[in-house]
Novice: 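Here you go, one structure.
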Amino acid sequence: MSKLIDDLAAILGDGLLQTEAERSARARDTWMRSQIQISAGSPVAAPLAVCAPSSSEELAEAVRACIAHDTAMIPRGGGSGVVGGVLASADSVVLSTERMTGLRAFSSNDLLAAFGAGTNGLEAEKRMQSEGLSIGHWPQSIELSTVGGWVATRASGQYSTAFGNIEDMVFSLEAVLADGSIYCSRDTPRASAGPDLRHLLIGGEGTLGVITEVTFSIRQQPESEVRQAFHFGDFEAGLEAARKLMRAGWRPAVLRLYDGRESWRHFRERLPKGNAMLILAHMGPAALTAVEADAVSTICESNGVAAPDEVVDGWFEHRNTVPTWDELLAQGIVADTIEIAGDWTRLPKLYHAVIDALEAVEGVVAASAHSSHAYRSGANLYFTVAATPAAPEDYTSTYDAFWSAAMNAAASIGAGLAHHHGVGRVRRDWMREELGIGGLSMLRSVKKAIDPHGLMNPGVLLP
């Protein structure tokens with residue numbers, strides 16, 4: 001492979017990272033299964049090299065060089081993914097977007113902002129806030145993730161119920177495809193010119209190419225924000241209130257319902273044990289937020305109880321504070337979060353089926369859920385599971401067992417098996433259930449056409 005390294009060095013100069021520390025630091029994302037392996041003393045293999053180009057043209061040349069040498073390529077943004085979407089091998093090359101950063105173009109008049117794909121999410125949002133604007137996307141990983149990673153994983157943010165998911169914010173994008181060509185979508189608010197090819201890359205998880213630049217349709221910063229909280233006798237009653245307010249046309253930016261277990265964990269001083277807490281934040285013009293909050297109160301108080309607004313203040317203060325995998329593993333705890341989605345009719349049955357399936361796995365000590373993204377016709381469920389296996393050698397098998405239990409239970413009810421974390425490696429074996437035989441065949445055909453040698457992020461997305 002020395003010839004490949006020479007070729008890449010000629011293309012990238014100091015954009016080719018070769019020290020062991022540089023390669024090891026970019027070899028993976030934050031998948032719990034990888035962390036279990038590392039904690040057991042088996043580090044993830046470092047790639048041959050890391051390509052960190054400063055332009056799409058440099059990246060395209062690097063991709064063509066890797067193809068010429070039949071070398072696998074692993075696209076990487078901020079490395080904050082949690083499903084194994086980034087996992088290098090010793091004979092692969094990592095393609096990092098870390099040098100393709102910053103605001104590339106901006107129009108306040110058109111509400112458009114183009115960023116290099118490697119731009120840190122929080123930095124991008126702060127840049128827009130300095131103009132009195134906002135991207136509107138606020139994932140829990142905003143301090144760690146990149147704007148390109150948001151798009152590649154088809155992410156959702158905490159304000160999605162009002163502002164939409166990442167696919168609703170992408171105006172146009174640029175990418176280097178798996179064959180080394182450069183794709184640029186048209187800058188237009190909508191098109192009726194065949195299939196929307198952007199969506200091969202939005203959610204493609206780097207299997208078809210590497211996103212290098214994203215133009216967002218941004219928005220005015222909200223003039224007003226009104227916070228509310230209500231609790232209900234059980235999770236199903238809270239889901240029904242959420243369904244009714246969505247059906248009525250109200251769109252609070254935050255609409256987050258915790259089941260009894262999570263409500264007691266987070267808000268035990270504010271509600272009876274077993275009750276489910278719903279927190280809301282209405283954002284927008286002052287006239288709109290006042291009317292929306294009043295209407296939502298009427299709906300929620302028909303079968304729920306109002307809680308102090310301070311409940312929501314506390315959530316905002318601690319919303320991104322979570323323990324690291326290392327901290328949990330040090331206590332003998334194997335944990336993860338599993339997000340799925342379904343229509344309103346399925347959600348109660350789906351909730352109980354997955355909780356029951358998780359609790360039946362040997363070693364699982366806690367399983368709970370909340371809903372954090374709502375739509376006219378359904379919502380997501382975001383499960384948290386923790387297990388205490390008998391011995392460290394059981395960590396991986398326990399992890400695989402509770403994931404299998406959750407996926408099989410969800411598939412049996414016809415749920416969507418991935419809401420916003422993506423597929424990576426942890427969900428790939430359930431893509432037949434997710435897409436159907438015809439859909440999976442179509443995706444394989446697209447992959448083969450764009451990446452005939454299967455070199456772009458192999459092992460991800462496709463079973």
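Note that the structure is a prediction, hence the values are computed from the model and not measured.
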Novice: Check this for me: Q331, atom CD, are more than 12 non-hydrogen atoms of other residues, nucleotides or ligands nearer than 6.0 Å?
Specialist: yes
Novice: Look only at the side chain of E22 and the backbone of Q18, and say whether a donor-acceptor pair between them is shorter than 3.5 Å.
Specialist: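 A pair under 3.5 Å: yes.
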Novice: Of all heavy-atom pairs between D259 and S368, which one has the smallest distance, and what is that distance?
Specialist: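 Shortest heavy-atom separation between D259 and S368 comes out as OD2-CA, 3.5 Å.
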Novice: At their closest point, which heavy atom of I135 faces which heavy atom of M169, and how far apart are they?
Specialist: O-SD, 3.7 Å
Novice: Within a 6.0 Å radius of atom CD on E359, are there more than 12 heavy atoms belonging to other residues, nucleotides or ligands?
Specialist: yes
Novice: Assess the side chains of T337 and T384: does a donor N or O sit below 3.5 Å from an acceptor N or O?
Specialist: no
Novice: Quick one: side-chain hydrogen bond (donor to acceptor under 3.5 Å, both in side chains) pairs with a partner in residues 432-445, sequence neighbours left out?
Specialist: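 Of all non-adjacent pairs touching residues 432-445, none passes side-chain hydrogen bond (donor to acceptor under 3.5 Å, both in side chains).
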Novice: Distance alone, cut at 3.5 Å: any donor-acceptor contact between the side chains of Q37 and S42?
Specialist: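 No.
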Novice: Looking only at atom types and distance, does a side-chain atom of S24 sit under 3.5 Å from a main-chain N or O of E20, one as donor and one as acceptor?
Specialist: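 The answer is yes, because a donor-acceptor pair under 3.5 Å joins these two groups.
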Novice: Checking S263 side chain against M277 main chain: does a donor-acceptor pair fall under 3.5 Å?
Specialist: yes
Novice: Which pairs of donor and acceptor atoms, one on a side chain in residues 311-319, lie under 3.5 Å apart (sequence neighbours left out)?
Specialist:
{"unit_1": "D313", "atom_1": "OD1", "unit_2": "R227", "atom_2": "NH1", "d": "2.8"}
{"unit_1": "W315", "atom_1": "NE1", "unit_2": "Y258", "atom_2": "OH", "d": "3.0"}
{"unit_1": "R319", "atom_1": "NH1", "unit_2": "Q158", "atom_2": "OE1", "d": "2.8"}
{"unit_1": "R319", "atom_1": "NH1", "unit_2": "Y159", "atom_2": "OH", "d": "3.2"}
{"unit_1": "R319", "atom_1": "NH2", "unit_2": "Y159", "atom_2": "OH", "d": "3.4"}

Novice: Would you confirm whether S92, through its side chain, and A72, through its main-chain N or O, come within 3.5 Å as a donor-acceptor pair?
Specialist: no
Novice: Which atom pair, heavy atoms only, marks the closest approach of L122 to E143?
Specialist: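 Result for this residue pair: CD2-CG, 3.6 Å.
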Novice: Quick one: which residue pairs count as a side-chain hydrogen bond (donor to acceptor under 3.5 Å, both in side chains) with a foot in residues 403-418, not counting sequence neighbours?
Specialist: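 For residues 403-418: D336-W403, Y399-W403, N408-W430.
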Novice: Apply the test side-chain hydrogen bond (donor to acceptor under 3.5 Å, both in side chains) to residues S145 and W150: give CA-CA distance (whole Å), side-chain angles for both, the deciding distance (0.1 Å), then the verdict.
Specialist: CA-CA 7 Å; S145 54; W150 294 349; 2.8 Å; yes
Novice: Flag the pair H420 / Y382 as yes when their ring centroid distance falls below 6.0 Å, and as no otherwise.
Specialist: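 Centroid separation for H420 and Y382: below 6.0 Å.
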Novice: Taking all atoms of both residues into account, what is the closest heavy-atom pair of G77 and T97, and its distance?
Specialist: CA-OG1, 3.7 Å
Novice: Start with the C-alpha distance between H282 and Q228, add both sets of side-chain angles, then the distance that settles side-chain hydrogen bond (donor to acceptor under 3.5 Å, both in side chains), and finish with yes or no.
Specialist: CA-CA 8 Å; H282 310 277; Q228 294 177 301; 2.5 Å; yes
Novice: For the residue pair E98 and S96, confirm or rule out a side-chain donor-acceptor distance under 3.5 Å.
Specialist: yes
Novice: So, does R154 use its side chain to make a donor-acceptor pair with the main chain of G422 at under 3.5 Å?
Specialist: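 No, the answer is negative, given that no donor and acceptor are paired below the 3.5 Å cut-off.
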Novice: Short question: side chain of E174, backbone of I211 - any donor-acceptor pair under 3.5 Å?
Specialist: no
Novice: Looking at every heavy atom in both G378 and W344, which two are closest together, and how far apart are they?
Specialist: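 For G378 versus W344, the nearest heavy atoms are N-NE1, 3.0 Å.
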Novice: For side-chain hydrogen bond (donor to acceptor under 3.5 Å, both in side chains), just list the numbers for S134 and E125, CA-CA rounded to whole Å, side-chain angles, deciding distance to a tenth of an Å, and then say yes or no.
Specialist: CA-CA 6 Å; S134 174; E125 175 62 22; 2.8 Å; yes
Novice: Examine the side chains of H370 and E339 and answer whether a donor and an acceptor come within less than 3.5 Å of each other.
Specialist: no
Novice: Strictly distance-based, threshold 3.5 Å: is any side-chain N or O of R425 a donor or acceptor partner for the main-chain N or O of V83?
Specialist: no
Novice: Are the side chain of Q221 and the backbone of Q129 linked by a donor-acceptor contact shorter than 3.5 Å?
Specialist: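 Yes.
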Novice: Do you see a donor-acceptor pair shorter than 3.5 Å between the side chains of Q35 and D326?
Specialist: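 Yes, a side-chain donor-acceptor pair sits under 3.5 Å.
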Novice: State, yes or no, whether a side-chain contact exists between N380 and S372 at a heavy-atom distance under 4.5 Å.
Specialist: yes
Novice: Taking G136's backbone N and O only, do any of them form a donor-acceptor pair with R219's side chain (distance below 3.5 Å, no angle check)?
Specialist: no
Novice: Would you call the rings of Y351 and F235 parallel, tilted or perpendicular if under 30° counts as parallel and over 60° as perpendicular?
Specialist: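 Judged by the thresholds at 30° and 60°, the geometry between Y351 and F235 is tilted.
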Novice: For a quick test of reading the model, state the closest non-hydrogen atom pair linking A386 to I333 and the distance between them.
Specialist: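 Between these two residues, the closest heavy atoms are CB-CG2, 4.0 Å.
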Novice: With no hydrogens and no angle check, do the side chains of N165 and S156 hold a donor and an acceptor under 3.5 Å apart?
Specialist: yes
Novice: Verify, without hydrogens or angle tests, whether D29 (side chain) and G85 (backbone) share a donor-acceptor contact under 3.5 angstrom.
Specialist: yes
